[in-house]
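The block underneath contains the structure these notes are about, expressed in structure tokens.
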Amino acid sequence: MQKPSGPQYPEYLLLLASWVVVIAFMAIYWAQALSTATRQTQLAEDLARRGIAQTSHALALQTETMLRKLDYVSEQLADDWLNKPHEAFRQAARHAQQALPEGAILNVGVSDAQGRFIFSALDPRPGTAISAVSMADREYFQAHFQTPRSPNHLHVGKPLLGRFSHEWAVVLSRPIDRDGERLGVLILSVSAKYLSRALSQVYTDPQDAALIVRSDGSYIARSHLIDQVLGKAVPLDRDFLQRPQQTHGQYLITAPIDGVERYYAWHRLPHYPLIVSVGISKAKALAPVTLAQQDAWRRNAIGSVVLVLMMLVVSHLRWKAARQATQLRVAHERMHLTLHSAHNGVWSWHGQGQAVEWDGGLCDMLEVPPADHQGVDGRRQTDWKAFVHPQDLPRLLQAWESYLTHPQDGVFTAEVRMRTGSGGIKWVAVRARAVERDAAGLPAWVVGTYTDITDRHAVDESLLIERKRLDVLLERFPGGVLMEDTADRVVLLNRVAMEWMGLSVPDKALIGLTHEQLLRRLDPQRAAWLSAAHPQERRESGTTLEVEGPAGRVLEIKRIEISDSDEPLGRVWLLYDITERKRRERHLTALASTDSLTGLPNRRSFMATLEHALGRAQSRPGTGCAVMMLDIDWFKQVNDTHGHPVGDAVLQELAARLRASLRQGDTAARLGGEEFAIVLEEMAPADALNKANAIRERIAALPFSTTAGDIRVTVSIGVALAAGRLLANDVLSTADQALYQAKQEGRNRVVLWRPTL
């Protein structure tokens with residue numbers, strides 16, 4: 001018989017099935033990890049894009065408000081030039097400069113219809129000192145005297161280096177008309193650096209950027225690197241230049257001025273030829289997610305390498321054990337051919353002399369010189385009891401005596417340890433059969449074999465060690481494992497799976513149970529886990545199920561079919577604890593709808609709430625819905641005087657007072673900066689005004705306690721009432737107009753929006 005060169009098919013198949021399970025587990029795990037990372041990155045990008053869209057819209061509203069103020073100032077000054085004496089106009093120009101922050105308006109000037117500069121606030125003397133200066137070549141002058149003549153509106157010119165102020169200025173000009181005749185142009189020179197400095201105070205990180213440009217792309221202001229962009233224009237491929245009909249949009253680009261890749265969002269001002277754009281660094285926006293993913297990839301890679309190494313070790317041991325088992329099986333087959341073909345040695349026992357004779361094979365096996373056991377008749381005799389291990393001798397003698405004293409036709413068998421001549425120990429299988437019996441039927445002559453089975457015992461020990469290692473691996477596996485064979489019987493169940501399934505019996509008591517028997521031992525909830533994930537057909541593909549586990553855990557259950565060449569081998573259930581992953585997903589969802597400083601809903605969440613409230617008000621006639629826009633008066637002075645940490649504390653305290661002032665079902669939100677909004681459902685107009693005044697008085701009544709001491713704060717409130725089928729943006733815009741009116745009337749007051757506003 002030829003000795004096989006490797007393990008037989010069943011052993012090889014089991015080893016292959018183990019690798020299939022591990023590879024399938026790793027593939028599913030890494031696919032899930034990659035999918036999770038992709039979703040996290042996409043969610044972070046969506047959050048960043050939504051954030052800058054809201055920020056750019058808010059900045060556009062502020063810029064629109066600022067230009068309206070300047071438009072109003074220019075209109076008043078043009079009227080004063082026509083109706084007031086020269087010195088009175090100079091005083092009006094000085095008041096206009098003082099009405100805005102210092103350095104905002106560099107100069108107030110007037111040119112006649114020929115472009116001659118006839119007044120400048122920088123020249124204290126009237127007369128001819130500046131009359132020789134011609135503005136006829138300036139863009140803003142030509143814009144008002146071109147053919148056909150432009151209408152009477154504010155023109156925003158390109159930044160110019162002032163001839164008198166010697167500073168970069170954005171020229172705002174308005175024609176001076178009387179009785180249909182164009183007499184000249186009024187000029188407001190607004191500091192470009194002042195506008196940029198206002199942006200840089202909000203966007204302090206140079207990785208972020210905010211900019212204001214004209215419709216032709218010329219820079220008006222930028223939060224950083226303003227000296228490098230004044231007098232220049234953005235590239236013509238920008239989104240807002242390519243799509244002049246669009247009012248807003250987004251794009252991702254690397255800015256050539258500083259090489260930073262940013263997400264940009266832009267808004268076009270509805271009444272002025274300007275575009276406001278805000279950009280945040282892509283690397284900065286994605287940094288938290290990127291760092292978390294790098295750490296997760298590193299830990300997952302280490303775990304995967306360790307798992308593969310452990311499987312390689314286990315596979316090597318199983319392969320080696322299978323080879324040894326094959327060798328042992330061949331030895332047994334040869335032994336059964338004939339006693340004399342036994343590969344280790346033959347012995348015989350004669351009842352008359354009670355002597356045991358060995359052949360040379362036994363002497364070689366036990367390393368005993370044949371000459372030491374040579375009998376007088378030439379046969380080798382020995383005291384075999386001297387070679388048996390003392391711990392096994394009593395058992396062997398008892399079995400031998402029983403065999404000799406009880407008439408039987410059976411075979412004598414025993415496995416004992418025997419000592420060799422060199423002091424070693426070998427495991428020996430002893431087999432014998434009576435070939436001659438006396439008159440009483442008792443054995444008179446017994447022939448047997450000694451077979452060295454030391455290797456087989458080593459294999460058994462190796463298998464035991466392998467099983468222990470596999471048990472340790474399953475116990476340390478970060479999840480539950482349940483494996484069933486093709487007959488739907490449990491073959492493996494680790495401790496984690498038993499704990500999550502609520503099983504308290506020993507795991508060995510569950511081995512061999514059918515799938516249905518296992519389900520009957522579970523409570524209905526846990527039985528539904530395996531029922532929902534159990535295949536209705538043998539060849540149905542694997543399924544994944546998310547369930548609520550014990551102690552508030554969220555478990556993911558995966559069922560994997562094991563097969564080889566379409567031959568079913570069973571299936572395995574893998575149970576993962578995904579509680580932390582779900583917690584992170586809920587946390588990211590909360591971040592997307594909550595202002596991180598005050599804990600109030602953000603603009604995106606508030607707009608959704610307002611849309612629902614308007615929908616309910618429209619579906620139920622007779623019910624009202626009021627919207628308030630609230631802004632802290634002179635909040636910039638709080639930040640400038642006490643610092644932004646104190647300003648943040650004031651915002652947080654204001655949020656707390658707003659919550660305490662509202663009814664259940666009302667919603668307050670922070671829209672950005674010091675701007676808040678409130679939606680009140682089922683609120684009559686008079687009640688809305690009373691509520692707004694109550695909120696205003698409550699805020700003004702008590703000082704705000706901060707680390708810089710008590711600070712008194714007042715607010716201005718604009719109130720709008722929903723009527724008809726208005727959109728959320730329309731209602732919010734009317735409330736914002738009412739808020740603007742409240743500030744114009746002196747602040748610390750409530751104004752209800754009216755069409756005249």
**Prompt:** Given the rule in the side-chain contact (heavy atoms from CB on, under 4.5 Å) test, do W30 and S304 qualify, once you have shown the distances and angles that lead to the verdict?
**Reply:** CA-CA 9 Å; W30 278 99; S304 298; 2.8 Å; yes
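- Of the candidates R603, R604, R670, R670 is the only one forming a salt bridge (charged side-chain N to carboxylate O under 4.0 Å, His left out) with D595.
- Of all heavy-atom pairs between I52 and Y263, the closest is CD1-O, 3.3 Å.
- For the residue pair I560 and A24, the shortest heavy atom distance occurs at CG2-CB, 4.1 Å.
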**Request:** Apply the test side-chain contact (heavy atoms from CB on, under 4.5 Å) to residues T38 and S35: give CA-CA distance (whole Å), side-chain angles for both, the deciding distance (0.1 Å), then the verdict.
**Result:** CA-CA 5 Å; T38 302; S35 175; 5.7 Å; no
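- Within the 4.5 Å cutoff, side-chain heavy atoms of L252 are placed close to those of K282.
- Distance CG/L518 to CD1/I511: 10.0 Å, rounded to 0.5 Å.
- Salt-bridge formation is detected for the pair R298/D295: a Lys NZ or Arg NE/NH1/NH2 atom is positioned less than 4.0 Å from an Asp or Glu carboxylate oxygen.
- Within a 6.0 Å radius of CD in E261, more than 12 heavy atoms belonging to other residues, nucleotides or ligands are found.
- Distance alone, capped at 3.5 Å, is enough to place a donor-acceptor pair between the T454 side chain and the W427 backbone.
- Inter-residue side-chain proximity for M26 and V308 is flagged as met; some heavy-atom pair is nearer than 4.5 Å.
- With respect to R571 and D485, no salt bridge is recorded, no charged nitrogen being found less than 4.0 Å from a carboxylate O.
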**Trace of the side-chain contact (heavy atoms from CB on, under 4.5 Å) decision for I280 with K284** = CA-CA 8 Å; I280 63 171; K284 176 180 175 182; over 6 Å; no
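- Considering only heavy atoms from C-beta on, I425 comes within 4.5 Å of H389 through its side chain.
- A 4.5 Å side-chain heavy-atom check between V572 and F25 finds every atom pair outside the cut-off.
- Side-chain atoms of E415 and H457, non-hydrogen and from C-beta on, do get closer than 4.5 Å to each other.
- Once rounded to the nearest 0.5 Å, the distance linking CD of Q250 with CZ of R50 reads 10.0 Å.
- Listed here is the closest heavy atom pair of A669 and P601: CB-O, 3.1 Å.
- W445 CH2: 12 or fewer foreign heavy atoms inside a 6.0 Å radius.
- The heavy-atom pair separating Y403 from V411 by the smallest distance is CE1-C, 4.3 Å.
- Separating the CD atom in Q42 from the CG atom in L47 is a distance of 10.0 Å, to the nearest 0.5 Å.
- Considering CD of E436 and CG of L442, their distance stands at 12.5 Å, rounded to 0.5 Å.
- Between the side chains of R489 and Q517, not a single donor N or O lies within less than 3.5 Å of an accepting N or O.
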**salt bridge (Lys or Arg N to Asp or Glu O under 4.0 Å) evaluation trace for R395 with D392** = CA-CA 6 Å; R395 174 170 53 85; D392 295 343; 3.5 Å; yes
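- The minimum heavy-atom distance linking L286 with E45 is given by the pair CD2-CG, 3.8 Å.
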**Request:** Go through the steps for W400 and T405 under the test side-chain contact (heavy atoms from CB on, under 4.5 Å), then give the verdict.
**Result:** CA-CA 9 Å; W400 178 246; T405 57; over 6 Å; no
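- Remark: the backbone N or O of E567 is not paired with any side-chain donor or acceptor of S563 at under 3.5 angstrom.
- A distance of 10.0 Å separates OG1 of T609 from CE of M607, quoted to the nearest 0.5 Å.
- T449 contributes no side-chain N or O that, together with a main-chain N or O of T451, makes up a donor-acceptor pair within less than 3.5 Å.
- At a threshold of 4.5 Å between non-hydrogen side-chain atoms, the residues T594 and L600 do not count as touching.
- Summarising the geometry of N602 relative to S605, their closest heavy-atom pair is OD1-N, 2.9 Å, with the distance given to 0.1 Å.
- In this structure, L307 CG and I23 CD1 are separated by 10.5 Å, a value rounded to the nearest 0.5 Å.
- Contact of the V428 side chain with the V430 side chain is registered, since non-hydrogen atoms from C-beta on lie closer than 4.5 Å.
- Using a 4.5 Å heavy-atom cutoff, the side chains of L404 and F412 are not in contact.
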